[in-house]
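Single-structure report; data block below.
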Amino acid sequence: MEDRLNELRAEALARVAAATDEAALRAVDKDYNGKEGAVTLLLASVPGLPPAERPVVGKGANVLKRDIQGAIAARKEALEQAAVEAERSGAGFDATLPGAPQSRGSLHPLTQVRREVEAIFTSMGYAVLDGPEVELDYYNFQALNIPADHPAREMQDTFYCDREGRLVMRTQTSPVQIRAMERLAPPFRVIAPGRVFRNEEQDATHEHTFHQVEGLVVGEDITVGHLSGVLKGFLRRFFLRELEVRLRPGYFPFVEPGFELDIRCPFCDDGCRVCKHTRWVEFCGCGMVHPRVLDAGGVDPEAWTGFAFGFGLDRLVMLRYGIDDIRHFMGGDLRFLEQF
Amino acid sequence: MLISYRWLERHVDLSGVTPQQLAEDLTLSTCEVEGVEAFAPHLSAVTVGHVVTREQHPDADKLSLCTVDVGAGEPLQIVCGAPNVRAGLKVAVATVGTVLPGDFKIKRSKIRGVESCGMICSIRELELGDEHDGIWELPQELAVGTAVAEALGVADWVFEVDNKSITHRPDLWGHRGIARELAAIYGRELKPLDTSLPAHGDAPGLPVKVSAGACARYVGLAVDGVQNGPSPLWLKLLLLAVGQRPIDLLVDVSNFVMLDLGQPNHLFDRTRLDARGIEVRLARAGETITTLDGEERKLSDADLLICSGDRPVALAGVMGGEDSKVEGDTGQLLLECASFDAVTIRRTSSRLGLRTDSSARFEKSLDPTLPLQAAGHLVRTLQALQPGVTLPSAPVEDGDWSDPAHVLELRGARVRRLLGVDLSDERIATLLTSLDFGVERAGEVLRVRVPSRRATKDVTLEQDLVEEVGRLYRYDNVPERALLAEVAPPPHDARRELVTRLQDRLAGGAAFHEALSYSFVPDALLATLGLAEREYVRLVNPVVDGERCVRRSVVPSLLALLEKNRRLRADVRLFELGKGYLPERSDARGLPKEVHELALVWTRPKPGQDARFDAGLLAQLRGVLDDLVTAVGYPAPSWERPPAELALEPWMHPGRTLVGAMRLPEAQQWSLPIFLCELEPGLHRPLGLVNELAGEVAIARVSLDALLACAPRPSGYVPLPRLPGNKVDVALALPVDVPAGDARAAIEQSGKGLVREVELFDVYQGPGLAEGRKSLAYHVLLQSDQKTVSDEEAHKFFKRLERAVGELGGELRKE
Ligand SMILES: [Zn+2]
């Protein structure tokens with residue numbers, strides 16, 4: 001009987017050692033330790049054995065069963081180790097397989113840059129206001145010190161919405177200045193981004209529909225120095241670097257004194273197409289709010305002073321991304337929109 | 001407007017000031033200089049030559065063979081075709097290698113067999129005039145071998161001033177005005193200019209009568225003894241530098257005075273004027289005048305005319321009349337210098353589309369003291385050229401004008417407060433004085449006399465003087481200051497916040513692309529969509545004739561983007577947040593009702609046969625909207641068929657449109673802020689979505705105004721389940737016309753409160769199912785807070801569901 005035990009042991013351990021996967025190990029376990037397994041049968045035959053052999057065979061079979069199970073466990077562990085080791089080699093990995101496509105949408109670049117501008121100004125305590133795109137002549141012109149027959153009206157190529165000239169597509173975001181003064185009591189600081197319209201022929205740098213950001217600050221002792229500080233501060237933060245700027249006289253009927261703020265051309269050192277070889281790019285029109293405009297907004301020009309500014313958002317987006325044709329903005333072409 | 005450096009030098013000493021420096025200083029203190037260019041650079045490239053010999057060309061009658069000394073090496077042999085070439089002349093020579101205007105490069109060449117090493121230039125070849133009947137005969141005293149520009153002293157620089165930057169400055173529309181600014185900037189003297197009228201005779205002058213308020217002042221001055229002909233070179237060159245073509249002495253001097261002082265003027269042939277004299281009056285409606293450009297102009301009663309007797313001879317301030325043109329050698333002239341009303345001139349010139357140098361200046365409200373100065377300047381200029389020029393009579397003038405010069409009070413404190421610079425009153429006075437303002441100290445204030453040239457419109461308020469001080473001080477010198485104030489957080493703006501959240505959600509998970517489209521919708525698109533009959537805010541003056549309607553809704557513009565984008569991409573998802581305008585709901589002041597809208601359009605090809613289960617694009621978009629509305633803080637809408645009384649938009653599919661109903665804060669009140677539909681089937685073709693572009697099109701329109709009025713989703717959270725749930729799958733075989741909503745209701749009811757989640761994951765029709773049957777398969781989560789849902793409980797659910805499905809005419813499908 002002992003021979004039989006030894007024979008089974010040798011055979012089982014050899015099979016365990018030869019097994020290369022879990023299924024083979026399970027088969028070994030089944031063949032020896034299963035219901036009909038060889039070791040199980042041997043154990044079952046113990047009661048029929050001569051009494052003297054019973055303890056030897058019984059004990060021997062139990063030991064064998066445990067040893068086989070132990071060998072299977074060890075072998076299983078070794079196989080797993082080997083599998084992990086094999087996996088580590090990275091065999092069969094194709095490093096050039098493309099990523100699975102994910103669908104994603106996009107925010108219009110004008111939205112993205114507008115938000116950036118709004119974030120910078122709101123962090124400085126500005127409220128963001130909105131105003132109608134179809135606007136009363138009163139807000140777009142008259143209250144801004146541009147009475148009927150003022151030459152500035154012609155400079156703006158207005159779209160009129162009625163024959164009487166009462167209703168216009170706003171040519172600037174400046175009407176929001178008056179609306180803000182009507183709504184808010186000074187001191188206050190606001191910006192008003194939005195869509196504006198000029199009756200112009202379209203080309204790569206001209207659109208009849210474009211976007212501006214208006215700013216208005218009214219307070220007790222607001223000076224040119226503050227205007228300069230705010231705009232320079234904004235530009236430093238937006239472009240994330242010190243940008244040379246200059247403030248020069250500029251004429252806008254609703255400010256006095258009025259300025260243009262130029263920034264050093266970001267594209268060149270000594271003149272290029274973008275800056276028309278002047279090395280300066282016009283960034284914004286601004287100035288101290290005209291006393292008549294404060295009056296129109298119901299703000300006492302002796303008690304309060306203020307500054308206002310307005311810049312083109314499209315220009316800022318074009319500078320940011322190097323976009324060379326303003327018509328892309330309103331073109332609705334997915335090949336353009338997807339890039340942002 | 002073009003400004004010449006040499007011309008400025010007539011009025012102010014510019015020594016030591018480079019053209020580039022001057023351009024920058026003008027830009028920083030006065031007006032925008034957009035460009036600086038050398039005038040006629042080719043004049044520096046051609047050389048003064050001396051014609052040493054001239055012989056007949058051996059093979060051509062009309063050609064001459066010359067030797068020309070250009071001051072370097074041997075004289076050059078040059079073949080010349082001009083009749084006036086002769087030995088001894090000083091001429092302008094373009095040697096081999098020189099490039100003349102028009103990119104014309106001079107090469108060594110053979111002309112009729114004879115070598116020619118250069119070209120002797122005519123006036124026209126140098127772009128200095130039209131004369132081309134011979135070569136340009138230079139003054140004899142010029143030194144051979146020097147550049148022509150240098151020899152003549154005509155090297156010049158031209159500045160381009162942005163007209164917009166001087167709209168408010170009538171005084172800057174002439175060189176003397178700009179020179180006055182430079183004198184102030186550089187602290188130099190403005191050179192004196194004698195503009196007084198020379199002595200005149202005492203013959204009676206031609207009567208002048210002003211019968212219209214639009215002419216404040218009209219000065220007529222008889223001038224005799226002018227011999228018309230070409231202008232002297234210096235005058236031609238100045239005019240050429242600023243882009244004016246020299247014509248003849250009379251025209252050139254008239255232009256010279258305008259460009260020098262900014263005062264337009266006009267010369268009439270006095271022999272052709274009616275003895276009754278000049279009358280300035282408004283035109284009669286329908287009256288016509290043929291202007292100098294040969295065009296007949298039909299006038300309105302708002303146009304101002306200069307008449308001889310009653311016959312119109314000039315369109316006041318805009319252009320002279322054809323038949324009073326000075327022709328030939330009349331020698332008897334009438335000089336007109338006047339002050340016309342800015343608005344009248346601007347209206348006439350813009351209505352007639354006739355913008356001239358003259359109208360551009362009158363539009364700016366010119367100084368009414370200027371006419372007489374201009375007359376003096378013009379006569380003196382003529383007399384300097386032709387001593388025989390005389391004035392037979394005193395100037396005759398009419399008009400109701402007064403000197404606009406006035407005094408403003410300026411508080412030094414106001415200057416300091418607005419500029420934020422600590423300027424002393426004394427410094428302020430100095431700056432203003434340098435700009436020709438008269439300043440008197442009077443205690444706390446400065447009494448500032450505004451000269452007439454600045455007083456017509458430009459400087460009328462204290463704050464205008466602050467600008468004068470500021471710009472001369474230079475805004476760039478004002479120190480940057482931080483804005484200090486007590487600031488409260490800006491008020492909450494629900495709409496702005498909503499817009500931001502909608503954009504982020506859509507551009508994120510929903511993979512929509514944000515588009516911006518024009519506010520103007522083409523008529524053709526409106527007609528296609530059946531929207532042409534609606535009321536629109538309409539442009540009176542559109543860019544394109546068929547694009548005058550201002551949109552009421554954002555959807556049509558997005559629909560117009562589908563075709564071109566479907567050509568580029570199979571799956572097109574676009575959204576836009578924008579405004580629409582409803583004129584029929586205008587407010588009391590006439591402002592149309594503004595509506596805020598989110599529009600979504602989605603198109604893709606129809607899914608193929610082997611595609612995974614997909615409930616269709618409408619359901620997809622409905623899912624996007626459920627997610628979107630929930631994400632921005634509202635309960636998911638309840639989707640319903642539109643009530644019968646609700647008018648659908650013509651682009652909505654009449655049989656496949658849903659409204660998203662949402663609760664208002666008031667109990668039992670509902671609102672319909674969302675429309676969801678497929679595209680009206682008849683519109684696929686007109687919108688170009690056929691053939692290879694055919695597919696499903698789903699559209700949604702969300703009114704932000706209505707959405708903002710709805711009751712928000714309660715804040716708070718649902719506690720996490722403590723007990724495990726039981727997930728089961730059920731498949732229902734139902735008659736095809738039973739809606740999925742009924743099946744879902746059956747599932748929910750059968751759960752007796754245990755159904756927590758129901759997800760449709762398959763819809764199927766085909767083999768394995770009876771004809772007219774469909775299968776709907778759901779994942780269902782049964783869960784309770786009180787107990788673990790046992791398999792037995794799940795079994796009871798199946799039993800109840802079996803009954804409920806039976807009532808719908810179907811049965812549960814077994815695995
Ligand atoms: Zn540049």
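By convention in this document, chain letters (A, B, ...) are assigned in the order of the sequence lines, proteins followed by strands, and residues within each chain are numbered from 1.
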#### Entry: pair A:Glu256-B:Asp464: side-chain heavy atoms closer than 4.5 Å
yes
### Message
Taking every non-hydrogen pair under 4.5 Å, which of B:Val550, B:Val537, B:Leu461 racks up the most with chain A?
### Response
B:Leu461
### Summary
Turns out that what part of B:Arg505 lies under 4.5 Å from chain A's heavy atoms comes down to neither
### Query
Are the side chain of B:Gln463 and the backbone N or O of A:Val255 linked by a donor-acceptor pair below 3.5 Å?
no
### Query
Side-chain donor-acceptor pair under 3.5 Å between A:Thr223 and B:Arg417, yes or no?
no
### Summary
Whatever's closer than 4.5 Å to a heavy atom in chain B on A:Glu282 counts as side chain
#### Entry: Greatest number of heavy atom pairs closer than 4.5 Å to chain A - which of B:Arg495, B:Lys564, B:Lys364
B:Lys564
### Query
When the ring planes of A:Tyr251 and B:His168 are compared, do they come out parallel, tilted or perpendicular, using 30° and 60° as the limits?
parallel
### Message
Tell me which of these, B:Val572, B:Val343, B:Ile166, B:Val421, has more heavy-atom pairs under 4.5 Å with chain A than the rest.
### Response
B:Val343
### Query
So how far is it from B:Leu516 CG to A:Thr111 OG1, rounded to the nearest 0.5 Å?
5.5 Å
#### Entry: Contact origin within A:Gln202 toward chain B - heavy atom pairs under 4.5 Å
side chain
### Message
Could you check, using the six-membered ring where one of them is a Trp, whether A:Phe340 and B:His513 have ring centers closer than 6.0 angstrom?
### Response
no
### Query
Strictly by modelled atom types, are A:Tyr139 and B:Arg589 linked by a side-chain donor-acceptor pair under 3.5 Å?
yes
#### Entry: Pairwise distance CD(A:Glu260) to OG(B:Ser165) - rounded to 0.5 angstrom
8.5 Å
### Test item: B:Thr27 and A:Arg246 side chains (from C-beta on) under 4.5 Å apart, heavy atoms
yes
### Query
Which one of B:Ser519, B:Gly470, B:Gly508, B:Ser557 has the most heavy-atom pairs closer than 4.5 Å to chain A?
B:Ser519
#### Entry: Backbone N/O of A:Gly331 and side chain of B:Tyr518: donor-acceptor pair under 3.5 Å
no
### Query
Any donor and acceptor pair, going by atom type alone, linking the side chain of B:Glu514 with main-chain N or O of A:His108 inside 3.5 Å?
yes
### Query
Which bit of A:Arg114 is near chain B, if near means a heavy-atom gap under 4.5 Å: side chain, backbone, both or neither?
side chain
### Query
Is it true that a side-chain atom of B:Asp476 and a backbone atom of A:Leu247 form a donor plus acceptor pair closer than 3.5 Å?
yes
### Message
Any non-hydrogen side-chain atom of B:Arg569 less than 4.5 Å from a side-chain atom of A:Arg335?
### Response
yes
### Message
Is A:His208 in contact with chain B via its backbone, its side chain, both, or neither, using a 4.5 Å heavy-atom distance?
### Response
side chain
### Summary
When the 4.5 angstrom heavy-atom criterion is applied to B:Pro583 and chain A, the contacting part is neither
## Note on the structure
Honestly, the part of A:Pro187 sitting under 4.5 Å from a heavy atom of chain B is neither
### Task
Please test A:Asp130 against B:Arg496 for salt bridge (charged side-chain N to carboxylate O under 4.0 Å, His left out), starting from the C-alpha separation and ending with a verdict.
CA-CA 9 Å; A:Asp130 187 35; B:Arg496 234 170 62 77; over 6 Å; no
### Query
Do the side chains of A:Arg115 and B:Gln503 get nearer than 4.5 Å, heavy atoms only?
yes
### Query
Non-hydrogen atoms of chain B under 4.5 Å away: do they reach the side chain of A:Thr278, the backbone, both or neither?
side chain
### Query
Contact part of A:His211 toward chain B, heavy-atom cut-off under 4.5 Å: side chain, backbone, both or neither?
side chain
### Query
Contact part of A:His150 toward chain B, heavy-atom cut-off under 4.5 Å: side chain, backbone, both or neither?
backbone
### Query
Does the side chain of B:Leu26 reach to within under 4.5 Å of the side chain of A:Arg248, using non-hydrogen atoms?
no
### Query
Got a donor-acceptor contact below 3.5 angstrom from the B:Asn541 side chain to the A:Thr158 backbone?
yes
### Query
Picking from B:Asp571, B:Thr500, B:Leu591, B:Leu561, which has the most non-hydrogen pairs under 4.5 angstrom with chain A?
B:Leu591
### Task
Ignoring hydrogens and angles, tell me if any N or O in the side chain of B:Asn565 forms a donor-acceptor pair with the backbone of A:Gly332 under 3.5 Å.
yes
### Query
A:Phe259 versus chain B, heavy atoms under 4.5 Å apart: side chain, backbone, both or neither?
side chain
